[in-house]
Amino acid sequence: MSTLTERTEVASGYRAGRTLPVRVELLRQLKRRRTMVMFGILAVLPFVLVAAFAIGGEPDGRGNRITLMDTATASGANFAAVNLFVSAGFLLVIPVALFCGDTVASEAGWSSLRYLLAAPVPRARLLWSKLVVGLGLSLAAMVLLPVVALAVGSAAYGWGPLQIPTGGSLATGTAAQRLLVVVAYLFVSQLVTAGLAFWLSTRTDAPLGAVGGAVGLTIVGNVLDAVTALGDWRHFLPAHWQFAWADAVQPHPEWSGMIQGTAVSVTYALILFTLAFRHFTRKDIVS
């Protein structure tokens with residue numbers, strides 16, 4: 001009785017871990033028009049706000065209540081903080097959903113996904129490369145906005161400390177460090193949107209469906225957070241903590257809100273990323 005031994009032929013020099021390097025995927029995504037358009041929109045926003053303040057005049061306090069917006073022209077640091085404030089609720093959601101939701105679905109839409117896997121690129125390797133690049137581009141978008149805003153604001157309103165609406169100020173060095181913390185928290189808080197977009201991208205061949213679905217569900221979360229009747233249940237919504245970063249730009253920062261927001265966001269994101277990998281490694285690829 002003979003025993004048949006099954007042998008898998010592998011090309012000489014083939015290493016699964018070296019297929020579809022991150023740098024190759026990054027160059028592919030950087031060359032796409034939607035990437036340049038998204039970066040261009042974020043870079044233009046500070047100029048739009050400067051023009052708006054030039055046309056409308058200096059921002060004034062509403063009655064006895066002073067908000068961060070009212071200090072926008074106090075210094076370049078204040079202007080950068082205001083750009084993050086007006087963008088955090090919706091604008092920064094779009095590049096995250098775009099870069100993470102378009103990545104796999106677009107390959108399926110172009111009917112190139114099966115050819116990548118036939119290269120052969122292991123499915124987990126393909127997803128990992130695309131996820132790293134998607135998150136990297138999302139972070140780059142979030143860094144680009146305050147950097148441009150800081151440069152534009154400093155040129156328009158001068159370089160100086162960050163004036164706090166409730167009184168006091170932060171020295172320029174301290175303000176720069178706090179703005180880095182703000183950007184880091186905004187990135188972490190958007191991991192839920194990234195997870196939603198990436199998971200949907202593995203389930204559809206329509207990039208618009210993945211991107212639009214992630215944006216839509218994020219908006220639903222914001223709407224639910226506005227329903228005060230939900231009470232403490234809102235604490236389990238990522239949207240409830242999206243502006244917790246404001247506690248970082250205080251003379252004595254409060255970290256509890258950002259810690260809770262980070263825990264909620266990371267938990268949801270890990271679940272969604274796991275679902276994406278689990279589904280993609282088992283699905284039939286026909287596109």
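Hydrogens, waters and symmetry mates play no part in the numbers below; they use all other heavy atoms, side chains included.
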Participant: Would you confirm whether T35, through its side chain, and Q29, through its main-chain N or O, come within 3.5 Å as a donor-acceptor pair?
Facilitator: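 Yes; at least one donor-acceptor contact below 3.5 Å.
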Participant: Quick one: are P146 and N83 in side-chain contact, heavy atoms under 4.5 Å?
Facilitator: no
Participant: Does F85, at its CZ atom, have more than 12 non-hydrogen atoms belonging to other residues, nucleotides or ligands within less than 6.0 Å?
Facilitator: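 For F85, atom CZ is not crowded (no more than 12 foreign heavy atoms under 6.0 Å).
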Participant: Are the side chains of P251 and I164 in contact, using a 4.5 Å heavy-atom criterion?
Facilitator: yes
Participant: If you look at every heavy atom in F273 and L191, which pair is closest and at what distance?
Facilitator: CZ-O, 4.3 Å
Participant: Would you give the length of the straight line joining atom CG of D225 to atom CZ of F243, rounded to the nearest 0.5 angstrom?
Facilitator: 10.0 Å
Participant: More than 12 non-hydrogen atoms from neighbouring residues, nucleotides or ligands closer than 6.0 Å to CH2 on W233, yes or no?
Facilitator: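 No - once you tally the heavy atoms of other residues, nucleotides and ligands closer than 6.0 Å, there are 12 at most.
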Participant: Under 3.5 Å, is there a donor-acceptor pair between the side chain of R178 and the main chain of A248?
Facilitator: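 Yes, the answer is positive, given that a donor and an acceptor are paired below the 3.5 Å cut-off.
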Participant: Taking the side chain from N78 and the backbone from Q163, do they hold a donor-acceptor pair closer than 3.5 Å?
Facilitator: yes
Participant: I would like to know whether V192 and V266 meet side-chain contact (heavy atoms from CB on, under 4.5 Å); could you show each step before the answer?
Facilitator: CA-CA 7 Å; V192 178; V266 170; over 6 Å; no
Participant: Taking all atoms of both residues into account, what is the closest heavy-atom pair of L272 and W199, and its distance?
Facilitator: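 Heavy atoms of L272 and W199 come nearest at O-CB, 3.9 Å.
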Participant: To the nearest 0.5 Å, how far apart are CG in L237 and CG in L230?
Facilitator: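 Going from the CG atom of L237 to the CG atom of L230 covers 7.0 Å.
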Participant: Same cluster or not: are V82 and W159 linked, directly or through other Ile, Leu, Val, Met, Phe, Trp or Tyr residues, by side-chain heavy atoms under 4.5 angstrom apart?
Facilitator: no
Participant: Would you name the heavy atoms of S87 and L145 that are closest together and state the gap between them?
Facilitator: OG-CD2, 3.4 Å
Participant: Would you call the rings of Y157 and F53 parallel, tilted or perpendicular, where under 30° means parallel and over 60° means perpendicular?
Facilitator: perpendicular
Participant: Using a 3.5 Å distance criterion without hydrogens, assess whether the side chain of S265 forms a donor-acceptor pair with backbone atoms of V188.
Facilitator: yes
Participant: Which distance, rounded to the nearest 0.5 Å, do you find between the CZ of R32 and the OG1 of T103?
Facilitator: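 Here the rounded value is 7.5 Å.
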Participant: With a 3.5 Å cut-off and no angle check, do the side chains of Q250 and E254 form a donor-acceptor pair?
Facilitator: no
Participant: Does the side chain of R23 reach to within under 4.5 Å of the side chain of R28, using non-hydrogen atoms?
Facilitator: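 SC-SC contact between R23 and R28 ruled out.
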Participant: Is there a donor-acceptor pair under 3.5 Å between the side chain of S201 and the backbone N or O of V104?
Facilitator: yes
Participant: Is any side-chain heavy atom of L42 less than 4.5 Å from a side-chain heavy atom of L92?
Facilitator: yes
Participant: Do Q242 and N222 come close enough that some side-chain heavy atom pair is under 4.5 Å?
Facilitator: yes
Participant: Please report the interatomic distance NZ(K31) to CG(L26), rounded to the nearest 0.5 Å.
Facilitator: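 Interatomic distance, K31 NZ to L26 CG, rounded to 0.5 Å: 10.5 Å.
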Participant: Atom CG of L84 and atom CG of L179: how far apart are they, to the nearest 0.5 Å?
Facilitator: 6.5 Å
Participant: Evaluate the side-chain proximity of V183 to W245: yes if any heavy-atom separation is below 4.5 Å, no if none is.
Facilitator: no
Participant: Give a yes or no on whether the backbone of A263 and the side-chain of T267 come within a donor-acceptor separation of less than 3.5 Å.
Facilitator: yes
Participant: Test of understanding: clusters of I, L, V, M, F, W, Y form through side-chain heavy atoms closer than 4.5 Å, transitively. Do V50 and V44 belong to the same one?
Facilitator: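 No; V44 is not reachable from V50 via cluster members.
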Participant: Treat each ILVMFWY residue as a node, draw an edge where side-chain heavy atoms are under 4.5 Å apart, and state whether W255 and L180 are in one component.
Facilitator: no
Participant: Hey, do the aromatic rings of H235 and W241 have their centres closer than 6.0 Å?
Facilitator: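 Yes, the ring centres sit under 6.0 Å apart.
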Participant: What are the two closest non-hydrogen atoms of F90 and I219, and how far apart are they?
Facilitator: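 In terms of heavy atoms, the two residues are closest at CE1-CD1, 3.9 Å.
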Participant: side-chain contact (heavy atoms from CB on, under 4.5 Å), that's the test. Do R33 and M38 meet it? Break it down for me.
Facilitator: CA-CA 9 Å; R33 183 179 301 175; M38 194 69 253; over 6 Å; no
Participant: Same cluster or not: M36 versus L144, using hydrophobic residues (I, L, V, M, F, W, Y) connected whenever any side-chain heavy atoms lie under 4.5 Å apart?
Facilitator: yes
Participant: Answer with yes or no whether the hydrophobic clustering places F280 together with V132; edges join I, L, V, M, F, W, Y residues whose side-chain heavy atoms lie under 4.5 Å apart.
Facilitator: yes
Participant: For F277 and L131, run side-chain contact (heavy atoms from CB on, under 4.5 Å): C-alpha distance rounded to whole Å, both residues' side-chain angles, the deciding distance at 0.1 Å, then the answer.
Facilitator: CA-CA 10 Å; F277 274 84; L131 178 59; 4.1 Å; yes
Participant: If you take all heavy atoms of V148 and A43, which pair is closest and at what distance?
Facilitator: CG1-O, 3.5 Å
Participant: V227 vs R234, test: side-chain contact (heavy atoms from CB on, under 4.5 Å). Steps then yes/no.
Facilitator: CA-CA 8 Å; V227 181; R234 294 186 300 159; 5.7 Å; no
Participant: Quick one: does S75's side chain have a donor or acceptor within less than 3.5 Å of a partner on G158's backbone?
Facilitator: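 No, because the side chain of S75 does not come within donor-acceptor range (under 3.5 Å) of the backbone of G158.
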Participant: Can you check whether L170's main-chain N or O pairs, donor with acceptor, with T174's side chain at less than 3.5 Å?
Facilitator: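 Such a contact is absent between T174 side chain and L170 backbone.
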Participant: Give a yes or no answer on whether the side chain of S154 reaches the backbone of L150 with a donor-acceptor pair at less than 3.5 Å.
Facilitator: yes
Participant: Please report the closest heavy-atom contact between V22 and V133, naming both atoms and the distance.
Facilitator: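 Heavy-atom minimum between the residues: O-CG2, 3.7 Å.
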Participant: Could you tell me if the side chain of P95 sits less than 4.5 Å from the side chain of L137, heavy atoms only?
Facilitator: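 L137 does not reach P95 side chain to side chain.
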Participant: Would you compute the distance between atom CZ of F79 and atom CG of L49 and round it to the nearest 0.5 angstrom?
Facilitator: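 That separation rounds to 5.0 Å.
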Participant: Can you confirm whether L270 is buried at CG, in the sense that more than 12 heavy atoms of other residues, nucleotides or ligands lie under 6.0 Å from that atom?
Facilitator: yes
Participant: Can we call the ring centroids of F99 and F39 under 6.0 Å apart?
Facilitator: yes
